[in-house]
Undergrad: 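My questions all concern the structure below.
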Amino acid sequence: MTYRELVNKVLDIAQRHYMIAEWGYGELSDIKAKGQNDETGEERNADYPYMFLNPAQHTRDQNSITYRFNLIMMDMAKDDDINEQILRRQSDCQQYIDDILAELYFEMDDLDVDLVVTLTPFKERFQDSVAGMTATLNVILPLGLNRCIAPYSS
C-alpha cells in the first residue's frame, strides 16, 4: 500500500460514514473555514461534523514505515454554548474517531494500526467556533526496503 492509497482509504472511510458531513486533507491552513476563499475565488464553508487529516512526521526503518497523522474531528459550536454542549460535541467527535479507527483496524489486513492513540479535546475559534477531538494516529506498514525493485541501471 502506498502513502496515497492510505490517505485515500482514510478519506473514503470518512466519506462512507453517515455522520461525517465533510472531510479534508493537508496542512492546518487548509482547514475549511467560513469567510475564506478557495483557489477559484469562491467562499469555502465547511459542513459539520468535519474531519481533517493532517500529516505529521513519518518514520522509516528497514522493515516498515510508520505514518503519523493528526486526525481532527470537529463540530460547530456556538460562542455561548455551555460546557455540557461542548462536552457533547467532543464526545460525539471521539465516537466518530473510534468508528474510523475500528474500520481501519478490521478492514485493513495489511496494516498495523497502533491503537495507542492520544486523544485531545478542544474548543477553538477559527472563523467558525468549533469543538471536537484530535487523535494522533499511527499506521505501521510492513514494507521492507527492497533493492531488487529500484529503477537502477546495472
Side-chain angles (χ1 to χ4, degrees), residues 1-34 36 38-40 42 44-77 84-124 126-151:
M1 173 173 282
T2 67
Y3 178 74
R4 180 175 163 240
E5 290 169 336
L6 174 61
V7 169
N8 285 337
K9 183 64 181 172
V10 175
L11 297 178
D12 176 65
I13 290 170
Q15 179 181 8
R16 292 186 287 119
H17 196 282
Y18 287 126
M19 296 304 295
I20 299 171
E22 192 167 356
W23 53 94
Y25 165 83
E27 299 303 314
L28 293 177
S29 60
D30 296 328
I31 292 176
K32 282 188 175 182
K34 181 174 64 177
Q36 293 180 330
D38 64 14
E39 55 278 348
T40 66
E42 291 190 33
R44 53 184 213 176
N45 294 312
D47 292 324
Y48 294 99
Y50 178 45
M51 185 204 84
F52 193 79
L53 190 65
N54 168 246
Q57 187 175 28
H58 311 306
T59 58
R60 170 72 143 128
D61 65 24
Q62 183 176 349
N63 300 312
S64 65
I65 296 177
T66 302
Y67 293 117
R68 290 182 180 84
F69 300 93
N70 295 310
L71 196 154
I72 305 165
M73 191 72 65
M74 63 188 90
D75 203 351
M76 181 72 86
E84 181 59 31
Q85 293 164 322
I86 299 301
L87 286 171
R88 179 176 293 129
R89 285 172 179 79
Q90 291 170 338
S91 181
D92 290 347
C93 287
Q94 180 186 341
Q95 183 58 57
Y96 306 152
I97 289 170
D98 287 351
D99 295 344
I100 289 170
L101 291 175
E103 192 72 6
L104 276 173
Y105 183 77
F106 290 109
E107 188 177 294
M108 306 298 292
D109 294 332
D110 53 344
L111 298 180
D112 181 9
V113 178
D114 182 356
L115 291 182
V116 179
V117 175
T118 303
L119 296 165
T120 306
F122 66 86
K123 179 181 182 236
E124 295 290 334
F126 298 108
Q127 296 296 336
D128 295 327
S129 291
V130 294
M133 193 79 66
T134 299
T136 56
L137 175 63
N138 297 311
V139 179
I140 302 167
L141 228 73
L143 185 63
L145 292 174
N146 187 342
R147 188 174 170 195
C148 296
I149 62 171

Undergrad: Using a 3.5 Å distance criterion without hydrogens, assess whether the side chain of R89 forms a donor-acceptor pair with backbone atoms of M76.
TA: yes

Undergrad: Taking all non-hydrogen atoms of both residues, which atom of C93 and which atom of D75 are closest, and how far apart?
TA: SG-N, 4.0 Å

Undergrad: Which heavy-atom pair separates A14 from I20 by the least distance, and what is that distance?
TA: O-CB, 3.8 Å

Undergrad: Measure across N54 and E27 and return the closest heavy-atom pair with its distance rounded to 0.1 Å.
TA: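 N54 and E27 have their closest heavy atoms at ND2-CA, 3.8 Å.
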
Undergrad: With sequence neighbours excluded, tell me which residues meet side-chain hydrogen bond (donor to acceptor under 3.5 Å, both in side chains) with Q94.
TA: none

Undergrad: Let's go through M51 and L71 carefully: what are the C-alpha distance in whole Å and the side-chain angles of both, what is the deciding distance for side-chain contact (heavy atoms from CB on, under 4.5 Å) to 0.1 Å, and is it a yes or a no?
TA: CA-CA 7 Å; M51 185 204 84; L71 196 154; 3.8 Å; yes

Undergrad: Please determine whether the number of non-hydrogen atoms from other residues, nucleotides or ligands lying under 6.0 Å from atom CD of Q57 exceeds 12.
TA: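 At most 12 heavy atoms, drawn from other residues, nucleotides or ligands, come within 6.0 Å of this atom.
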
Undergrad: Between K32 and D47, is there a side-chain heavy-atom distance shorter than 4.5 Å?
TA: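 Answer no - side chains too far apart.
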
Undergrad: Between E22 and A46 (side chain of the first, backbone of the second, donor and acceptor by atom type, cut-off under 3.5 Å), is there such a pair?
TA: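 Checked: no pair found.
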
Undergrad: Taking R60 as the fixed residue, which of L141, I65, T66 is the one that meets the side chain to side chain contact (heavy atoms under 4.5 Å, CB included) rule?
TA: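 For R60, the side chain to side chain contact (heavy atoms under 4.5 Å, CB included) check succeeds only for I65.
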
Undergrad: If you look at every heavy atom in S64 and P142, which pair is closest and at what distance?
TA: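 Taking S64 first and P142 second, the nearest heavy atoms are CB-CA, 4.1 Å.
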
Undergrad: Would you mind telling me which of L87, I86, V130 makes a side chain to side chain contact (heavy atoms under 4.5 Å, CB included) with K123?
TA: I86

Undergrad: Name the orientation class of the two ring planes belonging to F52 and Y50 (parallel below 30°, tilted from 30 to 60°, perpendicular beyond 60°).
TA: tilted

Undergrad: Locate the shortest heavy-atom distance separating P121 from M133; write the atom from each residue and the value.
TA: N-SD, 3.4 Å

Undergrad: Could you please spell out the steps behind the side-chain contact (heavy atoms from CB on, under 4.5 Å) verdict for D92 and Y96?
TA: CA-CA 6 Å; D92 290 347; Y96 306 152; 3.9 Å; yes

Undergrad: If the condition is salt bridge (Lys or Arg N to Asp or Glu O under 4.0 Å), which residues does D12 pass it with, not counting sequence neighbours?
TA: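 Partners of D12 by the salt bridge (Lys or Arg N to Asp or Glu O under 4.0 Å) criterion, ordered by chain and then number, come out as R16.
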
Undergrad: Determine the minimum heavy-atom distance between F122 and M73, stating which atoms define it.
TA: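 Of all heavy-atom pairs spanning F122 and M73, the closest is CZ-O, 3.7 Å.
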
Undergrad: Among residues at least two apart in sequence or on other chains, which ones pass ring-ring contact (aromatic ring centres under 6.0 Å, His included) with H58?
TA: Y3, Y67, F69

